[in-house]
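Remarks on the structure that follows.
Below, read A as the first sequence line, B as the second, and so on, with proteins coming before strands; counting in each chain starts at 1. The figures here come from the full heavy-atom set of this structure, side chains too, leaving out hydrogens, waters and symmetry mates. Given the structure is predicted, the values throughout are model-derived calculations rather than measurements.
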Amino acid sequence: MGVNLRDLIPDSIRVETDVKGLKGNTIALDAYNTLYQFLAAIRQPDGTPLMDRMGRVTSHLSGLFYRTINLAEEGVRPVYVFDGEPPRFKAKELEERARRREQAEAKLAEARTAGLVEEARKYAQQAIRLSSGMVEEAKKLLEAMGIPWVQAPGEGEAQAAYMARRGDAWAAGSQDYDSLLFGSTRLVRNLAITGRRKLPGKDLYVEVKPEVIELSALLKNLGITREQLIAIGIILGTDYNEGAKGIGPKRALNIVKSIGDPLKAIKAAGVREPWIDEVYNYFLNPPVTSDYTITFNPPNEREINRILVEEHDFNPDRVAKAVDRLKKAYRENLKAKQSRLDAWFS
DNA sequence: CATATGGA
DNA sequence: TCCATATGG
């Protein structure tokens, strides 16, 4: 999922930090990416997600609620950016994902009847569905919490990058690297508090710290332009194209630097999709909107309780405790600072 | 992924 | 304060 720039980016460009080091910064978070990861991670050992008494999945709400409060408490100002319409050349990728999900669902049923717990968990993670209802409910919860969200016209990563470029956000936040191709000034990955990540297939957890990748530092280090970075991404493969067979990050960088012109390099590398010029233009100039405001509001405790406790069977004491933390974080970290002049007029 | 809890 | 383990919905 997403463009795979992992092996292109030198370790020296990945700046490890902790959440405290991001205090005061507005971060435009890829909502889809975030919710999807909660759905993948917040599960019982056999892969069963958290559910309310009606059997509706609540893992995404639990993750969103507690993580957002943690970030706010540490002084991070989160803005969630939701996907709009995908570009039409993403249809193939989306169909493939749907197909893989159906296969995983079948395998999950098999594993469950066979009583294979680890197998079941594996396939449950591959069978994740983020429904439009779940997305709508996440937006409702954010509103109740007083946390801003933005509806992107196209890809959320593109909108987040635009917000960073305008200076409305300090960085885009996602596990994927796409926002760098979309021109985000910075990308923050691994933005979580506890920083635990399960190693695939093993019962081991490793500590993972947030990392910041600055676009200008990356381009300078590689000696390329943003346009050339887009070309490399396309050669390596994106959600919109397969990438050139047998070419890894080193050769992709070489080809792009020696040829110079991004579109010529893409073709010289052997990328054959006929719609590839459109993909290049989409990364360079994606649909975005300036019609948003980033405003933090006081948490609406009644509404939070209605959604989490009444509707979805969250523990009222736990929720109340978290809401208290959110109220304090709002006062101390999120509330717009009033200038002395504003105070005089109000 | 996150909180809660109990023992070192 | 740290760690391991259980539980959250």
Sort out the partner of dG6(B) for me: Watson-Crick or G-U wobble, both distances under 3.5 Å, none otherwise. dC3(C)
Over how many whole Å does the gap from [X] atom [atom1] to [N] atom [atom2] extend?
X         : N      : atom1 : atom2 : result
Ile42(A)  : dG8(C) : CD1   : P     : 14 Å
Arg318(A) : dT7(C) : CZ    : C1'   : 7 Å
Ile304(A) : dG9(C) : CD1   : C1'   : 17 Å
Ile307(A) : dG9(C) : CD1   : P     : 16 Å
Leu64(A)  : dT3(B) : CG    : P     : 13 Å
Asp46(A)  : dT7(C) : CG    : P     : 14 Å
Asp317(A) : dG8(C) : CG    : P     : 13 Å
His60(A)  : dG8(C) : NE2   : C1'   : 15 Å

Going through the distances and angles, do Ile304(A) and Glu301(A) end up as a side chain to side chain contact (heavy atoms under 4.5 Å, CB included)? CA-CA 5 Å; Ile304(A) 292 171; Glu301(A) 184 160 17; 5.5 Å; no
Only residue of Gln159(A), Arg165(A), Arg166(A) satisfying side chain to side chain donor-acceptor pair (under 3.5 Å) with Tyr162(A) is Arg166(A)
Less than 4.0 angstrom from a charged side-chain N to a carboxylate O is my criterion; do Lys139(A) and Glu136(A) meet it? yes
Salt-bridge criterion met for Arg99(A) and Glu96(A) (N-O under 4.0 Å): no
Under 4.0 Å between a side-chain N or O of Asn70(A) and OP1 or OP2 of dT3(B)? yes
Does a donor on one side chain and an acceptor on the other come within less than 3.5 Å for Tyr240(A) and Glu155(A)? yes
With a 4.0 Å cut-off on heavy atoms, is Arg67(A) in touch with a base, just the backbone sugar-phosphate, or nothing at all? sugar-phosphate
Give one of base, sugar-phosphate or nothing for Ile193(A), where a contact means two heavy atoms less than 4.0 Å apart. sugar-phosphate
When you get a sec, tell me which of dA2(B), dG9(C), dT3(B) is the closest nucleotide to the side chain of Arg325(A)? dT3(B)
I want to verify a distance call: between dG8(C), dA4(B), dT3(B), whose nearest atom is closest to the Lys321(A) side chain? dA4(B)
Could you identify which residues of residues 127-148 of chain A place a heavy atom less than 4.0 Å from some atom of DNA chain B, listed by residue number, or say none? none
Step by step, work out the side chain to side chain contact (heavy atoms under 4.5 Å, CB included) result for Leu39(A) and Met134(A). CA-CA 11 Å; Leu39(A) 285 172; Met134(A) 291 158 94; 3.6 Å; yes
For Phe182(A) together with Phe283(A), are the ring centres under 6.0 Å from each other? yes
